[in-house]
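Numbering of residues begins at 1 and proceeds along the displayed sequence.
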Amino acid sequence: MSNRYMPHTDADIRKMLDRIGLASVDDLYGDVPAEVIFKGDYTLPSAMSEIELRRYFEELGDKNRRLKVFAGGGVYDHYSPSVVPHLLSRSEFYTAYTPYQPEISQGTLQYIFEYQSMISELTGMESTNASMYDGATAAAESMFMMVASAKKKNRVLISSTLLDNIKRVICTYAKFHEVDITEIPEKDGVTDLVALKELLSAGDVAGVILPTPNKYGIIEDYTGVADEIHAAKGYLAIYADPSALAVLRTPVEWDADIACGDGQTLGMPMQFGGPYLGFISCKSALIRKMPGRVVGATKDASGKRCYVLTLQAREQHIRREKATSNICSNQSLMALYATIYLSLMGENGLRDVNALACDGAHYLYNKLIATGKFTPAFDKPFLKEFVLKTDMDVEAMNKKLLENGIMGPLDLGNGLVEFAVTEKRTKEEIDQLITLIQEEA
């Protein structure tokens with residue numbers, strides 16, 4: 001064989017070439033200019049034994065710096081119990097993909113059903129889909145749901161206090177679907193509800209997307225907001241941190257119609273930006289507008305509990321031209337990640353995670369202000385993330401922190417910096433951060 005990594009024998013190749021009337025494999029590239037065809041030898045390392053290969057990759061891995069993370073902005077350094085990656089790496093899970101023949105994939109359907117049930121419990125909503133790519137696309141799909149459900153309205157309001165990357169993705173999706181996006185201005189770090197009321201008065205708003213917590217880490221108060229939106233014949237979507245919903249008011253308590261967000265906070269490693277997990281939950285009245293899959297529980301012919309894909313007249317199967325969305329992947333592996341994490345943590349575990357993060361964040365907040373180098377940016381409640389003002393050289397400060405194994409705060413510009421604390425950060429690490437900042441000052 002000319003290439004031992006290819007399954008075809010020389011006889012197989014000859015038979016295929018004869019069928020298409022070519023003399024050699026090189027003739028397949030006859031239309032490619034000769035000057036762009038590589039004619040040298042590939043620079044590949046020599047073969048290694050197993051022990052040499054392990055050592056090689058261990059050395060590569062050691063080049064990665066394991067930092068103590070005090071940055072947030074939508075991605076957080078939460079702890080994941082060791083059993084999660086252990087179970088996740090089982091071959092029947094790790095190699096699975098979308099169940100195109102769902103009835104024979106009962107294991108996959110069961111954990112998706114459990115995932116949907118857990119997310120519904122966190123959000124308080126009646127229905128949850130079988131997951132999305134990430135929080136940004138989940139927010140964009142929620143926008144489509146509201147436009148599709150509203151009567152002849154294509155304007156959606158989004159709060160300026162949404163994470164900037166979420167706003168950008170929403171606007172990108174909206175542009176090519178001719179959805180009009182209007183930003184609600186912010187005031188003192190929260191959504192300007194007076195401005196929201198004025199925008200609703202135009203009578204052309206299909207829906208509104210608001211965050212909890214917002215991009216500054218602030219927990220906003222949406223009392224009465226849903227009533228005003230519904231009175232204007234619009235829908236309310238809440239972009240939420242699912243971990244924080246264990247201790248904050250849920251979207252259903254704000255009388256939202258849709259909840260969406262990113263499941264990264266459910267123990268998923270930051271992983272240089274992914275893969276993450278988007279979710280959408282909604283009231284049952286909107287379930288037929290919700291993209292992705294929905295798994296339901298039923299009984300088979302023998303009366304045994306089993307699982308099926310429900311609402312099968314969906315976009316990945318038929319009527320594609322009338323679909324709200326054409327998304328067809330369900331991020332099943334990451335949904336399983338969230339399922340295992342939530343089953344291990346339980347209600348008390350999630351509350352403990354948030355309590356530790358809240359205590360650490362407020363301890364750091366007070367310590368930073370005590371240095372005299374920081375002042376409060378907003379006088380608003382926060383959970384694990386906050387913004388302060390400073391006259392320090394933020395770039396120089398973060399450089400010093402990085403040299404000492406710490407990922408410092410996000411530089412928001414104009415003297416604003418954003419810190420985040422999770423349950424992984426210890427008092428000793430927080431004190432080290434304070435000491436290094438004082439030295440830099």
Side-chain angles (χ1 to χ4, degrees), residues 111-150 156 158-159 162 166 206-213 219-220 222-227 229-230 234-266 276-297 307 309-311 314 324-325 327 330-331 334-335 338-339 341-343 345-347 350 354:
Y111 74 68
I112 292 177
F113 179 83
E114 301 294 351
Y115 160 79
Q116 293 173 174
S117 301
M118 292 176 183
I119 297 298
S120 290
E121 188 171 352
L122 282 173
T123 62
M125 293 290 179
E126 295 163 314
S127 306
T128 296
N129 71 353
S131 68
M132 313 291 288
Y133 295 121
D134 54 24
T137 51
E141 295 287 352
S142 298
M143 168 193 67
F144 290 151
M145 286 177 64
M146 294 189 289
V147 171
S149 301
V156 173
I158 62 174
S159 175
L162 266 173
I166 307 300
V208 180
I209 304 178
L210 303 174
T212 183
I219 303 166
E220 297 199 36
Y222 298 129
T223 301
V225 171
D227 292 337
I229 295 171
H230 294 153
Y235 294 91
L236 170 61
I238 296 288
Y239 186 90
D241 175 344
S243 175
L245 291 180
V247 294
L248 300 182
R249 289 186 67 175
T250 63
V252 79
E253 290 176 302
W254 293 121
D255 196 21
D257 304 286
I258 301 171
C260 58
D262 200 306
Q264 186 274 331
T265 56
L266 301 177
Y276 294 155
L277 170 70
F279 70 87
I280 297 179
S281 296
C282 69
K283 293 180 178 178
S284 58
L286 298 179
I287 190 171
R288 289 189 176 275
K289 299 299 182 182
M290 184 166 60
R293 290 166 176 77
V294 178
V295 175
Y307 303 89
L309 288 183
T310 62
L311 302 175
R314 301 184 72 74
T324 299
S325 166
I327 190 168
N330 64 16
Q331 288 289 85
M334 303 317 293
T339 304
Y341 175 85
L342 287 170
S343 65
M345 302 301 291
E347 181 180 344
L350 278 182
N354 281 281

Look only at the side chain of [X] and the backbone of [Y], and say whether a donor-acceptor pair between them is shorter than 3.5 Å.
X      : Y      : answer
Asp262 : Ala136 : no
Glu141 : Ala138 : no
Thr310 : Val294 : yes
Glu126 : Ser284 : yes

Could you tell me the separation between the [atom1] atom of [X] and the [atom2] atom of [Y], rounded to the nearest 0.5 Å?
X      : Y      : atom1 : atom2 : answer
Thr250 : Glu121 : OG1   : CD    : 11.0 Å
Met290 : Met132 : CE    : CE    : 9.5 Å
Met334 : Gln264 : CE    : CD    : 9.0 Å
Leu162 : Ile209 : CG    : CD1   : 6.5 Å
Thr123 : Glu253 : OG1   : CD    : 10.5 Å
Cys260 : Met143 : SG    : CE    : 11.0 Å

| said: Checking Asp227 now: which residues fulfil side-chain contact (heavy atoms from CB on, under 4.5 Å) with it, not counting sequence neighbours? | reply: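 Applying side-chain contact (heavy atoms from CB on, under 4.5 Å) to Asp227 gives Asp255.
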Tell me, do [X] and [Y] make a side-chain contact under 4.5 Å, heavy atoms counted?
X      : Y      : value
Asp257 : Cys282 : no
Val208 : Val225 : no
Ile119 : Leu266 : yes
Leu350 : Tyr341 : yes
Met118 : Tyr115 : no
Ile112 : Tyr307 : no
Ser281 : Val252 : no
Val295 : Leu309 : yes

| field | Sequence-distant partners of Asp134, side chain to side chain donor-acceptor pair (under 3.5 Å), two or more places apart | value |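 Asp134 satisfies side chain to side chain donor-acceptor pair (under 3.5 Å) with Thr137 only.
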Of all the heavy-atom pairs spanning [X] and [Y], show the shortest one and how long it is.
X      : Y      : answer
Lys289 : Ser149 : CG-OG, 3.4 Å
Pro213 : Asp241 : CD-CB, 3.9 Å
Arg293 : Gln116 : O-OE1, 3.7 Å

| message | Consider side-chain contact (heavy atoms from CB on, under 4.5 Å). Of Ile166, Leu210, Thr212, which one does Tyr239 pass it with? | response |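 Filter result, single survivor: Ile166.
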| field | Parallel, tilted or perpendicular: ring planes of Trp254 versus Tyr222, cut at 30 and 60 degrees | value |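 The rings of Trp254 and Tyr222 stand perpendicular, inter-plane angle above 60°.
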| message | Could you check whether Ser117 and Glu114, counting side-chain N and O atoms only, form a donor-acceptor pair closer than 3.5 Å? | response |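 Absent: no donor and acceptor within the cut-off.
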| message | Pair Glu220, Ile238 - check side chain to side chain contact (heavy atoms under 4.5 Å, CB included), show working. | response | CA-CA 11 Å; Glu220 297 199 36; Ile238 296 288; over 6 Å; no
